[in-house]
Amino acid sequence: MNLSIKNFTIGIFLLLIIGLYAVFINYFFSQRELTARVITRSITNDLSELSYILSKHVRKEPITTSRALLDRTAANSIYVKAISIFDDDKLLLTTDPKYLTALNSNEVFKATQNKIHKELLTKIGFEADIHYYVGKNQRSYTLIFYIDHHTINENFEHAREKFFLLFVFLPIILILLFWLAIRRFIAIPLELLRQYSYYQSQIPYPFKIKELEYIRSSMVQTFLRLEQERADLYNLSRTDTLSGLANRNHLQERVEHIIEQSKRNKKSFALLFLDLDHFKSVNDSLGHDIGDELLKNIAHTIQDILRANDVVARIGGDEFIIVLTDFKDEIELIEIITRIQNRLMKPWVIKTFPINISSSIGITLYPKDGENLLTLMKNADIAMYEAKEKGRRGYHFFTEELNRKTQKIIELTNSMSDALNNNHYELFYQAQNSVLTNEIIGAEALIRWKDPEKGLIPPFLFIPIAEQNGFIVELGKWVLETAIKQKKAWEDQGIDIKLAINVAAKQMKEKDFVHDLEFLLNQYQVNANNIFLEITEYIFLHNNSSVHKTFSEIKKLGVQISLDDFGTGYSSLSYLKKFPIDVLKIDKTFLDDYNSEEGSVFIETIINMAQTLKLQVVAEGVETKEQVQYLKEKHCDVYQGYICSKPVPIKEFNTLYKQKKSAP
Ligand code: C2E
Ligand code: CA
Ligand code: CA
């Protein structure tokens, strides 16, 4: 059985009350008997005293002369209404003429039963004998006291009233007060405490009762702490600990809400994907502490620029999502974006280190570019990459065309490695000619992807992707081995020409690169001196000491190093002196410009410098006889270009080589 506090207390009360009242009632009845006994004794005392006096009186004078004595006694006793004296049934004397008959035995109080009270109220009178002597014979009169029921009753009624007042009315009031107190000080606070423990609604007010108050206050403290911990956990699950900005979870919530509103108001909003440019180099050069501090500062700055309704979240290392809800048109949107980007470009000073940083932003608009957070983010990411491609520190809107381009990239990414397994790559060879004699003195190996469905895929479409996703390492190994195998085949035919092989920076930075190269050279036993690894200036972007080591090891194997696309990248001329480089390849863009002043100054400077540093110069992208003539005048060593041949399959190259050999 389940008891509520209320039922339990009521039960206890009832038990208490029943018990108490049993005692009270018992007391009441015994008290009443006691009173009856006292009254009875008082009457019998009076009666026996009077009968004694009268017995003496009768000896001297006739009984009828005692009238005054009877009257006095009757008047003095409050419980006696009248007194009569009978000689058998004959009335001799009475104080009240109403009482003329003697009593039969049923009407006389005998005090034999226990319940005197009842007898006192039902019997009519008390009886006693007055003895006297006639000669030697004892005779007697009967003395009767008539009971004054009215007075006696009054007595008991009075007691009853008092009892009722003391034992009924007062206890009820007391119980009521007690009940109210229990309710007020225990039941209600306890109920509030129970509700608090369930719903943590209002904090219950303190108990007046010390022990309960201890329980209450420790409960309140526990729940407050739990509540705080819950709130902390909730916030933690929604904020990015580093920056204090919203995290992905919170972003999801906010954007869902914004989408609901936008649907209702038929309004658009913008979701921006902001990525810091070259943030990694801050981390690499100044350490993660500075990087983290910079991120914190950037987070606060972005938040300051935006309005309260806008959302900023950090979703990855240096990636932020910004949701702008409040702008008139695209012009205003661009204004806000420019403000953010300009503010971030102002020089930062973090722990005394000056830092310059820029950002790239991709923009998507709801609902045009996506109807949920995931699509909007994905497309904003695509647009952000485009902004980076376009030279960073800019922004780009998402477009369907961009999407198609990205899809294509994804498609290529996915089929790239399958193509290697299916033997769909091929090396083409482009002749390198001596400027002086015009004969073919070497070749550059250039990769082609021959897809059975898409046809020939040029390297500029997939090499940058492969560099980004790392597949270039595996592909580069294949190129290196295929090219060296070809070199061996030529040597077997008695042809020892130079062979230039393109190597991506990422590939050369692999720790096994030199080891693999050495292994191939040993395996195919080719003339390493005629092998040229073409590398672009990007290799110098990070950690130059390890690059220097790799270059030296390559040189130790006898292999030569060409600096490709020279002049287009991060050329620092000091590299040419510091690093063991053998060949400079002048990029096609300069050759295109050879007859403008700027172009020719550049080419001449490179050639002169190369001569001083004892480097060979190869001019790339030579398409006209005039260009060859020009190079001859400037004493350039080697040229390469369509004027002689495009990159061609090996068979074609071999044919070309033999043709030229016989008739240069
Ligand atoms: P690159 O190393 O600068 O190669 C020279 C590019 O210029 C080649 O393009 C070549 O076909 C092109 N070219 C040569 N002469 C002329 C000319 O007279 N006129 C014009 N318009 N173009 C000329 P390709 O074969 O499309 O290769 C593009 C780039 O792809 C290469 O630039 C190189 O960076 C990369 N690449 C090609 N094969 C490989 C490879 O096996 N490994 C690596 N890592 N990259 C490669
Ligand atoms: Ca090249
Ligand atoms: Ca080049």
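Numbering of ligands and ligand atoms starts at 1, following listing order.
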Nearest non-hydrogen partners of [X] and [Y], listed with the distance:
X	Y	answer
Asn433	Ile441	C-CG1, 4.1 Å
Leu436	Lys632	O-CE, 4.1 Å
Ser645	Leu656	CB-CD2, 3.5 Å
Ile290	Leu286	CG1-O, 3.4 Å
Ser360	Gln341	CA-NE2, 4.0 Å

Decide whether the shortest distance between a heavy atom of [X] and an atom of ligand 1 is less than 4.0 Å.
X	value
Glu467	no
Gly476	no
Pro458	no

Under 3.0 Å from the Ca ion (ligand 2), can any N, O or S atom of [X] be found?
X	result
Asp564	yes
Asp565	no
Ser562	no

Sequence neighbours excluded, every pair satisfying ring-ring contact (aromatic ring centres under 6.0 Å, His included) that has a member inside residues 596-634: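 Sorted result for residues 596-634: Phe590-Phe602, Tyr594-Tyr630.
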
For [X], counting its heavy atoms only, list the atoms of ligand 1 lying under 4.0 Å from any of them.
X	value
Glu444	2 (O), 4 (O)
Gly641	15 (N), 18 (O)
Pro647	11 (O)
Pro459	24 (P), 25 (O), 26 (O), 27 (O), 28 (C), 30 (O), 37 (C)
Asp564	1 (P), 2 (O), 3 (O)
Asp565	3 (O)
Glu623	17 (C), 18 (O), 19 (N), 20 (C), 21 (N)

Ile331, CD1 atom: more than 12 neighbouring heavy atoms under 6.0 Å: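 Count not over threshold, so no.
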
Polar contact flag, side-chain donor to acceptor under 3.5 angstrom, Asn527-Asp496: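 Yes.
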
Thr375 versus Asn372, side-chain donor and acceptor atoms under 3.5 Å: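 Yes, a side-chain donor-acceptor pair sits under 3.5 Å.
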
Nearest candidate to atom 37 (C) of ligand 1, where distance is taken over non-hydrogen atoms, out of Leu427, Val622, Asp592, Leu446: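 Residue with the shortest heavy-atom distance to the ligand atom: Leu446.
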
Test log, rule side chain to side chain contact (heavy atoms under 4.5 Å, CB included), inputs Ile334 and Phe397: CA-CA 10 Å; Ile334 289 170; Phe397 279 90; 4.0 Å; yes

When you look for heavy atoms under 4.0 Å from ligand 1, do you find them on the side chain of [X], its backbone, both, or neither?
X	answer
Lys585	neither
Val479	side chain
Arg448	side chain
Gln430	side chain
Ile501	neither

Mutual orientation of the aromatic rings belonging to Phe540 and Phe551 [parallel < 30°, tilted 30-60°, perpendicular > 60°]: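 The arrangement is perpendicular - the two ring planes meet at more than 60°.
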
Ile447 N/O to ligand 1 N/O under 3.5 Å: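 For ligand 1, there is an N or O atom that lies under 3.5 Å from one belonging to Ile447.
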
Of all N/O/S atoms in Glu444, the name of the one nearest the Ca ion (ligand 2):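 Looking only at N, O and S atoms of Glu444, the one nearest the Ca ion (ligand 2) is named OE2.
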
The Ca ion (ligand 2) - name of the N/O/S atom of Glu534 that sits closest to it: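 Among the N, O or S atoms of Glu534, the one closest to the Ca ion (ligand 2) is OE1.
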
Exam field: side chain Asp318 to backbone Asp275, donor-acceptor pair closer than 3.5 Å: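 Absent.
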
Check: Glu534 main-chain N/O paired with Asp564 side-chain donor or acceptor under 3.5 Å: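 Not at all, since once roles are kept as given, no pair shorter than 3.5 Å links the two residues.
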
